[in-house]
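What follows is a single structure, written as structure tokens, with notes after it.
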Amino acid sequence: MLDMKLIREETERVRKGIRDKQMPEAEKSLNQLLILDEEFRLLRSDLEEKQALRNANSKKIGELKRKGESADEIMREMSTLSEEVKRLEEKSRSLSQHMDSLMLDIPNLVHESVPYGESEHDNQVVKELGEKPSFSFKPKPHWDLAVDKGWIDFERGVKTTGAGFPIFIGEGSRLVRALKNYFLNTLADKGYIEISPPLMVNPTSAMATGQLPDKEGQMYEVTDGFFLVPTSELVLTGMHRDEILDADMLPLKYCGFSACFRRESGSYGKDVRGINRVHQFDKVEMVQFTTPEASYDALEEMTAISEGILEELGLPYRRLFMCTGDIGFTQAKKYDLEVWSAGQERWLEVSSLSNITDFQARRLKTRYREGGAAGKGKPEIVHTLNGSALAFPRTIAAILENNQNEDGSVTLPKVLQPYFGKSTMG
RNA sequence: GGAGAGAUGCCAGAGUGGUUGAAUGGGCCGGUCUCGAAAACCGGUGUAGGGCAUUGCUCUACCGAGGGUUCGAAUCCCUCUCUCUCCGCCA
């Protein structure tokens, strides 16, 4: 959510942002919002004047009654005034509700460094590192490799749950566990506080973090009105909703492991083959709360951490600088990291890192000041960032495919071996 | 799941229809005292939005959330949410 003041005072910047993000529908909302804002402010000043009069009169009535004098005349006046106030209050409420829903259509402004582009084809590859492995045999895609070795069972996953719910078995499961510990230890060593989050959130959290209303179709809703988390970000950032943080706590860094649940309706083809895109997957997520001055540096820091992990894993990767047309509604600046998967001979997205500036925190009402809630000075809205380190399935796909041997065994990256307890799978 | 109690400012806690943005205590900030500190004493200490003006005054809203009663609601009524205690059940 943007600041209404910004929308009002820097309308053309907001309009340009909408156009750059290729969201023409949002411009209609913007236009309507400006009209309603005007109307709302007029209504407001009228209402407040009448409220002030009502307050003054009711004070007078109190005084008269205490003195034992008649207040009938003022009371008669008041009943019409009160009705008018009530009418205006209701109008103001419905106007502001309408405005709130329009506000949700306006995307975040992008950072000036973000390249202009109309679609995913315009994203820029700003970094490419690592050697793509070469083989003396034809490397298999993971869906053959892992199934042959019994590490992943897709069919039984369909049996127990449905398509897109693979079961990791034996050393497959052990690899998941090794990755989890490796990722979390690495992040803890970098100063990230580890969180084991709930896997369901309430609609308020889903709304405040920006998953609702626009991404409702992406989440699974369970019968008690909760949503299964599509990412632990909802908990890691949502935990500080309605709080004023102590400035000394910033930057506040969290990391969390969780299963992530996504409907992924409309996906098909090679994108969903194997574990490239599934309905439930594990992910370790990083989140930061920073001051406005620090957020863009924090994005670089987080990106460096995810890239460092890929380098330690020996996976060739590239970094995409997402263009205005592909960056997403809430983000001001975003990088995607993709690993090379030798069996599929394509790049797979394993991490997405974004600076959301104050866009999410405004809705969350997460602010900061010297001394925290009991402190002095005006509270400022924090900046929030999030990034994956990393999503498991595609990382696993790349590890298996890139490190496979002719007999189907997999020589694990050095860094994982102590976590796995062995150097080889299979 | 059953029964009861509660939700007020940074915290504790009063307030049960009128001058209450809210007593009192604690904390925090500033000051007096002191060589310095403690103690004591004095003063200050919310959020959001608007107006004037320019860094101060003023108006409005906010006492879990939403409705209602009333000329007037923190205070009365209804609904919801959450917390606590006891019982039951259970990893």
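On a predicted model such as this, the values are computed, not experimentally measured, just so you know. Below, all heavy atoms of this structure are taken into account, side chains as well, without hydrogens, waters or symmetry copies.
Side-chain atoms of A:E370 do not come within 3.5 Å of backbone N or O of A:G375 as any donor-acceptor pair. Checked by atom type and distance alone, the side chain of A:E10 never pairs as donor or acceptor with a backbone atom of A:R8 at under 3.5 Å. Side-chain atoms of A:R367 never come within 3.5 Å of backbone atoms of A:P379 as a donor-acceptor pair (strictly under, hydrogens ignored). No donor-acceptor pair closer than 3.5 Å links the side chain of A:S341 to the backbone N or O of A:G343. A donor-acceptor distance shorter than 3.5 angstrom exists from the side chain of A:R363 to the backbone of A:M207, with no hydrogens or angles considered. Between the side chain of A:Q218 and the main chain of A:E264, a donor-acceptor pair closer than 3.5 Å is present.
Here B:C89 sits opposite no nucleotide as a Watson-Crick or G-U wobble pair (both hydrogen-bonding atom distances under 3.5 Å). Using Watson-Crick or G-U wobble geometry with both donor-acceptor distances under 3.5 Å, B:U60 finds its partner in B:A48. In this structure B:U54 sits in no base pair that meets the Watson-Crick or G-U test at under 3.5 Å. Pair assignment for B:U79 gives B:A65, based on Watson-Crick or G-U wobble hydrogen-bonding distances that are each under 3.5 Å. Taking a pair to require two hydrogen-bonding distances under 3.5 Å in either a Watson-Crick or a G-U wobble arrangement, B:U32 pairs with B:A40. Searching all strands for a Watson-Crick or G-U wobble partner of B:A12 with both distances below 3.5 Å returns B:U24. Applying the Watson-Crick and G-U wobble criteria (two distances, each under 3.5 Å), B:C71 pairs with B:G18.
Between the CD atom of A:E243 and the C1' atom of B:G46 there is a distance of 16 Å, rounded to whole Å. In this structure, A:R241 atom CZ and B:A65 atom C1' are separated by 12 Å, rounded to whole Å. Counting to the nearest Å, the C1' atom of B:G18 and the NZ atom of A:K65 are 9 Å from each other. As a whole-Å value, the separation of A:M75 CE from B:C71 P is 6 Å. Rounded to whole Å, atom C1' of B:C10 lies 16 Å from atom CD of A:E370. A:N57 places its CG atom 13 Å from the P atom of B:A73, with the value rounded to the nearest Å. Per the geometry, CD1 belonging to A:I244 stands 15 Å off C1' belonging to B:C11, to the nearest Å. Residue A:D242 contributes atom CG, which lies 12 Å from atom C1' of B:A65 at whole-angstrom precision.
Comparing the C1' positions of B:G17 and B:C90 gives a spacing of 48 Å, expressed to the nearest Å. Annotation: B:C52 and B:A74 have their P atoms spaced 29 Å apart (nearest Å). Atom name P, nucleotides B:C80 and B:U85: the rounded distance is 23 Å, in whole Å. Nucleotides B:U70 and B:U75 place their C1' atoms 13 Å apart, quoted to the nearest Å. For B:G27 and B:G13, the C1' atoms lie 14 Å apart once the distance is rounded to whole Å. Comparing the P positions of B:A38 and B:G31 gives an interatomic distance of 12 Å, to the nearest angstrom. Using atom C1' as the reference point in both B:U16 and B:G6, the two lie 15 Å apart (nearest Å). A gap of 13 Å separates the C1' atoms of B:G21 and B:U45, to the nearest Å.
Cation-pi geometry between A:R263 and A:Y220 is met: the NZ or CZ atom falls under 6.0 Å from the ring centre, inside 45° of the normal. For the pair A:R174 and A:F420, the cation sits on the ring face: its NZ or CZ lies under 6.0 Å from the ring centre, inside 45° of the axis.
Between A:E48 and A:R44 there is a salt bridge, since a side-chain N of the basic residue sits under 4.0 Å from a carboxylate O of the acidic one.
In this structure, A:R8 reaches the B:G50 phosphate: one of its side-chain N or O atoms is under 4.0 Å from OP1 or OP2.
Shown here is A:R156, whose CZ atom has no more than 12 heavy atoms of other residues, nucleotides or ligands within 6.0 Å. With a 6.0 Å radius and a threshold of 12 heavy atoms from other residues, nucleotides or ligands, A:E155 has its CD atom at or below the threshold.
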Scan nucleotides 43-45 of chain B against the protein and return all N/O pairs shorter than 3.5 Å with their distances rounded to 0.1 Å.
none

Distances under 3.5 Å between nitrogen or oxygen atoms of protein and nucleotides 19-22 of chain B:
from: B:U19; atom 1: N3; to: A:R66; atom 2: NH1; distance (Å): 3.4
from: B:U19; atom 1: O4; to: A:R66; atom 2: NE; distance (Å): 2.6
from: B:U19; atom 1: O4; to: A:R66; atom 2: NH1; distance (Å): 2.2
from: B:U19; atom 1: O4; to: A:R66; atom 2: NH2; distance (Å): 2.9

Any N/O pairs under 3.5 Å between the protein and nucleotides 56-60 of chain B? List them or say none.
from: B:U60; atom 1: OP1; to: A:N55; atom 2: ND2; distance (Å): 3.1
from: B:U60; atom 1: O3'; to: A:Q51; atom 2: OE1; distance (Å): 3.3
from: B:U60; atom 1: O2'; to: A:Q51; atom 2: OE1; distance (Å): 2.7

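Sorted by first and then second residue, the pairs that involve residues 351-375 of chain A and meet ring pair (Phe, Tyr, Trp, His ring centres under 6.0 Å), not counting sequence neighbours, are A:F329-A:F359.
Remark on RNA chain B: of its neighbouring residues A:R76 and A:K5, the 5'-side contact belongs to A:K5, judged by nearest-heavy-atom nucleotide. If A:S79 and A:R367 are placed on RNA chain B by their nearest nucleotide, the residue sitting closer to the 5' end is A:R367.
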Test side-chain hydrogen bond (donor to acceptor under 3.5 Å, both in side chains) on A:N355 and A:S295; report intermediate values, then the result. CA-CA 7 Å; A:N355 184 1; A:S295 65; 2.9 Å; yes
Starting from the C-alpha separation in whole Å, work towards a yes-or-no answer on salt bridge (Lys or Arg N to Asp or Glu O under 4.0 Å) for A:E301 and A:K253. CA-CA 11 Å; A:E301 186 230 278; A:K253 305 177 181 181; 2.7 Å; yes
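Taking all atoms of both residues into account, the shortest heavy-atom contact from A:T290 to A:P251 is CG2-CB, 4.0 Å.
Considering only residues two or more places apart in sequence or on other chains, A:F165 meets the ring pair (Phe, Tyr, Trp, His ring centres under 6.0 Å) condition with A:H279.
No contact: A:S45 has no heavy atom under 4.0 Å from any strand. Using a 4.0 Å heavy-atom distance criterion, A:G377 is classed as a sugar-phosphate-only contact.
Taking a 4.0 Å limit (strictly below) on heavy-atom distances, residues 86-101 of chain A reaches RNA chain B at A:K86, A:R93.
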